[in-house]
K.L.:
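This is the structure I want to talk about, given as structure tokens.
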Amino acid sequence: MLKEKINQLKQWITESDSIVFFGGAGVSTESGIPDFRSVDGLYHLKYDYPPETILSHSFFMRNTDEFYMFYKDKMIYEKANPNITHLKLAEMEDQGKLKAVVTQNIDGLHQKAGSKNVLELHGSVLRNYCMKCHQFYAIEKIMEAKNIPTCECGGIVKPDVVLYEEGLDDTIVSKAINAISKADLFIIGGTSLSVYPASGLIRYYSKGKMVLINKSVTSYDKDADLLIQAGLGEVFSIL
Ligand code: ZN
């Protein structure tokens with residue numbers, strides 16, 4: 001059954017030349033990066049607030065040092081490497097089949113795998129900027145700082161990551177909408193599609209076929225032309 005479905009997907013990939021992949025946390029879990037929303041009791045033992053609170057704009061502004069303690073501890077995985085899903089997607093782009101990867105992840109693993117057109121809806125932990133003079137800094141700036149990373153100008157350096165309470169980058173969103181609306185094969189993977197903007201963006205998909213790959217049930221299962229309830233690695237390793 002699973003094999004038949006993967007064969008179907010394989011055939012559709014062969015026939016397509018404008019594939020768009022939309023992915024969430026499930027893409028990177030096999031690289032050892034856990035979904036921070038899957039809150040385990042450990043957070044509560046060590047931190048006074050849930051991750052959604054700590055990763056908010058107002059918390060960053062008010063408790064910058066505590067934000068960075070959590071952020072460096074739970075959000076940065078410097079040693080993580082791309083897995084088979086990242087690698088296959090990069091290969092599909094190389095072959096001219098895949099036009100864009102739209103991701104909710106902030107780990108930069110698609111680029112590390114070789115993907116070029118990556119639309120990072122939530123930004124990237126690899127980019128950081130001074131809130132005062134807008135000088136950009138690499139991840140080392142954050143990791144090497146004793147507590148709050150500061151710019152040469154004295155400004156505070158903030159990750160180029162969309163925090164809770166912050167809006168998405170309009171340019172990235174338009175590019176994502178444009179790519180999705182032109183896709184002849186739209187593959188969604190590793191996301192429950194329960195949170196904005198995922199739920200909003202997939203409405204722009206209009207032609208061709210939609211494939212949903214997710215371990216658990218989503219509210220869009222019935223809309224999929226092909227529904228594969230499996231882990232991404234399991235599927236992409238046979239593609
Ligand atoms: Zn500065």
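Note that ligands are numbered from 1 as they come in the structure, with each ligand's atoms numbered from 1 the same way. From a predicted model like this one, the values you see are computed outputs, not experimental measurements.
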K.L.:
Assess whether a salt bridge exists between Lys158 and Glu166, defined as any Lys/Arg side-chain N lying under 4.0 Å from an Asp/Glu carboxylate O.
P.N.:
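A salt bridge is present here (some side-chain N lies under 4.0 Å from a carboxylate O).
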
K.L.:
What is the ring orientation for Phe67 with Tyr71, classed by angle as parallel under 30°, tilted 30 to 60°, or perpendicular over 60°?
P.N.:
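Geometry flag for Tyr71 against Phe67: parallel rings.
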
K.L.:
Taking 4.0 angstrom as the limit, do Asp225 and Lys209 come out as a salt bridge?
P.N.:
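Judged by the 4.0 Å cut-off on N to carboxylate O distance, Asp225 and Lys209 do not form a salt bridge.
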
K.L.:
Test of understanding: clusters of I, L, V, M, F, W, Y form through side-chain heavy atoms closer than 4.5 Å, transitively. Do Met92 and Phe22 belong to the same one?
P.N.:
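Shared cluster, no.
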
K.L.:
Does the distance from a Lys or Arg side-chain N to an Asp or Glu carboxylate O, for Glu93 and Lys88, drop under 4.0 Å?
P.N.:
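No salt bridge links Glu93 with Lys88.
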
K.L.:
What protein N, O or S atoms come within a distance below 2.8 Å of the Zn ion (ligand 1), ordered by chain and number?
P.N.:
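Metal shell, protein only: Cys130 SG, Cys133 SG, Cys151 SG, Cys153 SG.
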
K.L.:
Out of Ile142, Leu55, Val161, Ile54, which residue meets the side chain to side chain contact (heavy atoms under 4.5 Å, CB included) rule with Met75?
P.N.:
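Single side chain to side chain contact (heavy atoms under 4.5 Å, CB included) partner of Met75 among Ile142, Leu55, Val161, Ile54: Leu55.
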
